[in-house]
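Everything below concerns the one structure shown next.
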Amino acid sequence: MTISSKNTIASRIRAYLRENPKAKPDEVVKALGVKRENVYSLKQYDRLRAKRIRMAKKTNPIVVVTDSGAAAMPIVLLDPVDNVNHPEHYKVGGIETIDFIKAKLTPEEFRGYLKGNVLKYASRAGHKDNAVQDAGKLAWYANRLSKES
């Protein structure tokens with residue numbers, strides 16, 4: 001089995017599935033000693049990623065660029081609830097949280113807040129539950145930072 005230079009659980013599972021495309025999740029678990037939920041989560045993530053890439057070819061997506069300069073997964077928001085641009089839980093009290101924070105900080109502090117969030121979402125993308133949403137939030141904060149500068 002060929003394993004990529006990044007020996008992550010995901011890269012090991014993908015490499016195994018490339019070489020054994022008809023392998024069932026239990027077979028992957030047994031062969032690699034990984035958790036069953038890792039196999040299912042990765043397969044679901046890869047299906048969603050493929051769907052978003054197909055959608056991106058039909059639209060003008062937001063494309064996040066990685067530190068190496070390579071384009072990451074295109075971001076195409078498909079969900080009816082927009083948890084990136086205007087999450088409902090951030091509007092409690094009649095004002096969006098971002099507007100409240102801006103009102104309480106100096107312009108320089110607010111730009112620092114935005115920059116911190118760009119760094120946060122860039123560093124955790126792909127390491128938490130919803131990489132697509134994290135990448136969307138990264139793009140949102142980066143766009144807001146460029147408007148505030």
Side-chain angles (χ1 to χ4, degrees), residues 1-92 96-98 100-102 105 109-149:
M1 174 173 61
T2 306
I3 298 179
S4 72
S5 60
K6 284 186 175 180
N7 197 14
T8 64
I9 291 172
S11 66
R12 290 173 45 219
I13 293 171
R14 284 188 181 107
Y16 187 85
L17 290 172
R18 268 193 306 277
E19 293 183 12
N20 305 282
K22 295 187 182 207
K24 303 280 185 207
D26 288 335
E27 181 184 334
V28 178
V29 168
K30 188 175 181 182
L32 300 179
V34 297
K35 294 179 183 175
R36 193 169 195 230
E37 56 263 24
N38 292 132
V39 178
Y40 280 108
S41 295
L42 184 65
K43 286 180 121 185
Q44 181 179 7
Y45 174 81
D46 286 347
R47 277 192 302 272
L48 177 62
R49 183 175 193 273
K51 180 179 180 179
R52 288 182 186 272
I53 289 171
R54 283 191 307 275
M55 291 289 295
K57 291 177 181 177
K58 300 176 186 174
T59 63
N60 291 321
I62 300 168
V63 177
V64 178
V65 178
T66 64
D67 289 340
S68 67
M73 180 177 9
I75 308 305
V76 179
L77 299 176
L78 301 174
D79 304 324
V81 175
D82 187 351
N83 283 324
V84 173
N85 296 302
H86 302 287
E88 287 300 318
H89 60 279
Y90 282 1
K91 297 178 189 172
V92 176
E96 283 204 40
T97 305
I98 192 76
F100 179 76
I101 292 170
K102 182 178 181 179
L105 299 176
E109 290 170 333
F110 186 63
R111 285 190 301 275
Y113 168 80
L114 296 171
K115 186 175 183 180
N117 277 296
V118 167
L119 295 171
K120 172 177 71 174
Y121 288 112
S123 67
R124 80 179 207 182
H127 300 287
K128 288 200 68 173
D129 299 335
N130 192 335
V132 173
Q133 186 170 306
D134 281 348
K137 289 179 180 182
L138 164 65
W140 189 92
Y141 279 105
N143 289 334
R144 183 72 185 249
L145 179 59
S146 71
K147 289 176 187 173
E148 297 291 332
S149 295

Is any side-chain heavy atom of [Y] closer than 4.5 Å to one of [X]?
| X | Y | answer |
| --- | --- | --- |
| Tyr141 | Leu119 | no |
| Lys137 | Asn117 | no |
| Ile9 | Ile13 | yes |
| Trp140 | Ile98 | yes |

Straight-line distance of [X] [atom1] to [Y] [atom2], nearest 0.5 Å:
| X | Y | atom1 | atom2 | answer |
| --- | --- | --- | --- | --- |
| Glu19 | Leu17 | CD | CG | 10.0 Å |
| Arg14 | Thr8 | CZ | OG1 | 7.5 Å |
| Tyr113 | Ile101 | OH | CD1 | 3.5 Å |
| Leu32 | Glu27 | CG | CD | 9.5 Å |

Looking at Glu37, I want to see if its CD is surrounded by more than 12 non-hydrogen atoms of other residues, nucleotides or ligands under 6.0 Å. yes
Can you name the nearest heavy-atom pair linking Ala23 to Lys43, along with the distance? O-NZ, 4.2 Å
Salt bridge (charged side-chain N to carboxylate O under 4.0 Å, His left out) partners of Glu148, counting only residues at least two apart: Lys102, Arg144
Output yes when a side-chain donor or acceptor of Ser149 lies under 3.5 Å from a complementary backbone atom of Ser146, and no otherwise. no
